[in-house]
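Take a look at the structure set out below.
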Amino acid sequence: QVHLVESGGGLVQPGDSLRLSCAASGSISPYVMSWYRQAPGKQREQVAFIDQSMFTNYLAAVNGRFTISRDNTQNKVYLEMNNLKAEDTAVYYCNANWGVYWGQGTQVTVSS
């Protein structure tokens, strides 16, 4: 069992940056780690994932603006978000092992 806690969300203006963090209660080394998001009235979607070899993949809408990273020594995963847009507004969730473990989410609101 892995308990995940996200942090770092907030209210920002278009063009700003945020860094989300996800802290795990146990080792994340065995797992593919992902960030998902869910906007009001929309389905949850995968934003990015990073596997055990540090291979990364991104949703087309965020590719080039967001960067996922992991620190297996601290059992943390990060999502660096740059040039934020209004359409990035959502609750962002950390996920381990392809949907087995979820955090509680952190709200990101991009508004002028």
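Predicted model, so just to flag it, every value in this text is computed and none were measured. Position 1 is the first residue of the sequence, and the numbers go up from there.
- From Ser29, atom OG reaches atom CZ of Arg70 across 6.5 Å, with rounding to the nearest 0.5 Å.
- Using a 4.5 Å heavy-atom threshold, the side chains of Glu6 and Leu20 count as separate.
- By the rule that hydrophobic residues join a cluster once side-chain heavy atoms approach within less than 4.5 Å of another member, Tyr31 and Tyr92 end up as members of one cluster.
- The CG atom of Asn57 sits 10.0 Å away from the CG atom of Asp51 when rounded to the nearest 0.5 Å.
- With a 4.5 Å cut-off on side-chain heavy atoms, Arg37 and Val91 do not count as touching.
- Remark: Lys85 engages Arg65, Asn83, Glu87, Asp88 in a side chain to side chain contact (heavy atoms under 4.5 Å, CB included) (not counting sequence neighbours).
- Counting heavy atoms from C-beta on, the side chains of Cys94 and Trp102 never come closer than 4.5 Å.
- When side chains are defined from C-beta on, Ser27 counts as touching Asn75, because their heavy atoms get closer than 4.5 Å.
- Taken to the nearest 0.5 Å, the OG1 atom of Thr67 stands 10.5 Å off from the CZ atom of Arg19.
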| Where do Leu11 and Gln107 land on the side-chain contact (heavy atoms from CB on, under 4.5 Å) test, with the steps shown first? | CA-CA 8 Å; Leu11 172 63; Gln107 176 71 47; over 6 Å; no

| Candidate pair Asp16 and Leu18, rule side-chain contact (heavy atoms from CB on, under 4.5 Å), full reasoning | CA-CA 7 Å; Asp16 285 352; Leu18 273 178; over 6 Å; no

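- Both Leu59 and Leu84 are members of a single hydrophobic cluster when ILVMFWY side chains are connected at heavy-atom separations under 4.5 Å.
- Counting heavy atoms from C-beta outward, Phe66 and Trp35 have side chains that stay 4.5 Å or more apart.
- Here the side chain of Thr89 pairs a donor or acceptor atom with the backbone of Val110 at under 3.5 angstrom.
- A tilted orientation is assigned to the rings of Phe55 and Phe49, their planes being inclined by 30° to 60°.
- Transitive grouping of hydrophobic side chains (ILVMFWY, heavy atoms separated by less than 4.5 Å) brings Val62 and Met81 into a common cluster.
- Across all their heavy atoms, Pro14 and Ser112 have their closest contact at CD-N, 3.7 Å.
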| said: side-chain contact (heavy atoms from CB on, under 4.5 Å) for Tyr78 and Met33? Distances and angles first, verdict last. | reply: CA-CA 10 Å; Tyr78 304 98; Met33 301 298 298; over 6 Å; no

| request: Give the intermediate values and the outcome of side-chain contact (heavy atoms from CB on, under 4.5 Å) for residues Leu4 and Tyr93. | output: CA-CA 9 Å; Leu4 304 172; Tyr93 298 90; over 6 Å; no

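- Distance alone, capped at 3.5 Å, is enough to place a donor-acceptor pair between the Asn95 side chain and the Tyr101 backbone.
- In terms of hydrophobic clustering, with Ile, Leu, Val, Met, Phe, Trp and Tyr side chains grouped at heavy-atom distances under 4.5 Å, Ile50 and Val32 are assigned to different clusters.
- Note: the hydrophobic cluster containing Val100 does not contain Val5 (ILVMFWY, side chain heavy atoms under 4.5 Å, direct or indirect links).
- Annotation: the span from Leu79 atom CG to Cys22 atom SG amounts to 10.5 Å, rounded to 0.5 Å.
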